[in-house]
Number of protein chains: 2
Amino acid sequence: MLDEETKAVPRDCGDCPIRHRAVCARCEADELESLDQIKYYRSFEAGQTVIWAGDKMDFVGSVVSGIATLTQTMEDGRTQMVGLLLPSDFVGRPGRDEAAYDVVATSDMVMCCFRKKPFEELMVHTPHIAQRLLEMTLDELDAAREWMLVLGRKTAREKIASLLSIIARRDASLKLTKPTGSMVFDLPLTREAMADYLGLTLETVSRQISALKRDGVIQLEGKRHITVPDFDRLMEEAGDDNDGGMLA
Amino acid sequence: MLDEETKAVPRDCGDCPIRHRAVCARCEADELESLDQIKYYRSFEAGQTVIWAGDKMDFVGSVVSGIATLTQTMEDGRTQMVGLLLPSDFVGRPGRDEAAYDVVATSDMVMCCFRKKPFEELMVHTPHIAQRLLEMTLDELDAAREWMLVLGRKTAREKIASLLSIIARRDASLKLTKPTGSMVFDLPLTREAMADYLGLTLETVSRQISALKRDGVIQLEGKRHITVPDFDRLMEEAGDDNDGGMLA
DNA sequence: CTGTTCTTTTGATCTGCATCAAGGATGCCA
DNA sequence: TGGCATCCTTGATGCAGATCAAAAGAACAG
């Protein structure tokens, strides 16, 4: 069915758009050289599955461009997204042979892959890689825990607002701007994918987006292009406290 | 209000009950020696708060005995537990100054603490510590993601069954037995804490526990002592698939 | 043993979101 | 240009779990 085409995309680490954010961020020139020797690029089309949960996984890698999702599925088909992978995010786990989750490209995507075995060996001699990976994993753990609050305790409206504020913030950080005032961005997810992320149905997602639009929290152009006139207002709707203390 | 009593509990690393599971698990004798120099013990009583989210945190550490919870709270009081800390689990994050979550001891608890600064310095020269911490953090990330599925997609009954099966499994692993057949253990949490973990109300928790008891999935003695006559049955109720493939 | 507090159970009712159902918009391919 | 698929919106209805309320154990101090 799916044509798992693998296409080489030669590139120099020096020009790499994720050079200073990915797992290689802290590497010196010589370390980068070693990584360069075991790396290869893979391209995926929107909708293509990178790997299925339970499949043997003999590589790890970084998202270079595009977006992928990490999802878990129960036997009866209920699915929950457990991660949204953006450029520089790491895929796979050193020391594990099988993929723990389904990984699906939701847009055209390019990954910088390393064969797992050589990567693991390299990690032993290259503390900068292990250090960076630890830092990234701790960040992901924080993100997962923040998401647990969203899933466990927020209302549908708050969930949507939380997702929008996260996407807006991430978009701002790519553009190296602060998330304030008016913001414009595109939704990288379908309503169904949003529902899977938020633990809702796609109908509820659609209704709540309409409600936020009706209430002036967001403006919509087409289905995907979003304008947030007031980011603080969005944060309020998300139930997050941005005025949080810190009066030291 | 809370009497944050700090009591010394001198102990030798060689005798430590979490020696081979904690962040120090991979350390050689000399590395252990270095850790030993910067460690100190703190005891907490049941109900005592270890640290509040946002507070300055100048230590990291491991739970030696007892149980603690990691929780997040919204301004209006809604709370979500984001982690259950058992013996050998790590508390705190190297490279971060403030606690991200409330940490509360739910039973009498002893922690082995390291001052953060010296610990961070030690990590640089002691790859075994960083390696083990990475491994533990990856495990926690997996656990958090499994919990996202529970919070986002499972019914109240499945949530309760999931929590019980996790506690049962953990209990089995402490006793070095396989989780099968009949199992007996104590709930380390109040109904309210269970509710905070599962994103439910305590009334719903109580009702579902009664229902599981009525249906013979569990037996109760007092409020806390649980017997699971058939672990596979419990797994089914949790919606987990334990017969999952693996026919290689 | 009695009053107090904390935890838990159980009942009655309400409601937010799921479910079921239909139709609109957009884009692609023949 | 029309057929088809994909994605999205909106309406009607139902139900799982929240909320409100009361009371029953259990632990403990006096």
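In what follows, chains are A, B, ... by sequence order, proteins preceding strands, each numbered from 1.
Under the 4.0 Å criterion applied to side-chain N and carboxylate O atoms, B:Arg191 and B:Asp196 are not assigned as salt-bridge partners.
Summarising the geometry, the separation between CD on B:Glu158 and C1' on D:dG17 is reported as 14 Å, rounded to the nearest angstrom. For the pair A:Lys213 NZ and D:dC8 P, the computed distance is 13 Å after rounding to whole Å. Whole-Å rounding puts the B:Arg153 CZ to C:dC17 P distance at 13 Å. Summarising the geometry, the separation between CG on B:Leu200 and P on C:dG16 is reported as 18 Å, rounded to the nearest angstrom. Rounded to an integer number of Å, the gap from B:Glu221 CD to D:dG25 P is 18 Å. When rounded to the nearest whole Å, the span between CG of B:Leu198 and C1' of D:dA16 equals 15 Å. The NZ atom of A:Lys154 sits 17 Å away from the C1' atom of C:dG16 (whole-angstrom rounding).
Closest non-hydrogen pair, A:Ala53 versus A:Asp102, comes out as N-OD1, 2.7 Å.
For A:Arg224 and A:Phe185, the positive end is not near the middle of the six-membered ring at less than 6.0 Å and at most 45° from its axis.
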- Sequence-aligned protein contact record of nucleotides 5-10 of chain C, with B where the base is within under 4.0 Å of a protein heavy atom and S where only the sugar-phosphate is: ---SBB
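Checked by atom type, the side-chain pair A:Thr201/A:Thr204 shows a donor-acceptor distance below 3.5 Å.
B:Trp52 has its ring centre no less than 6.0 Å from the ring centre of B:Tyr101.
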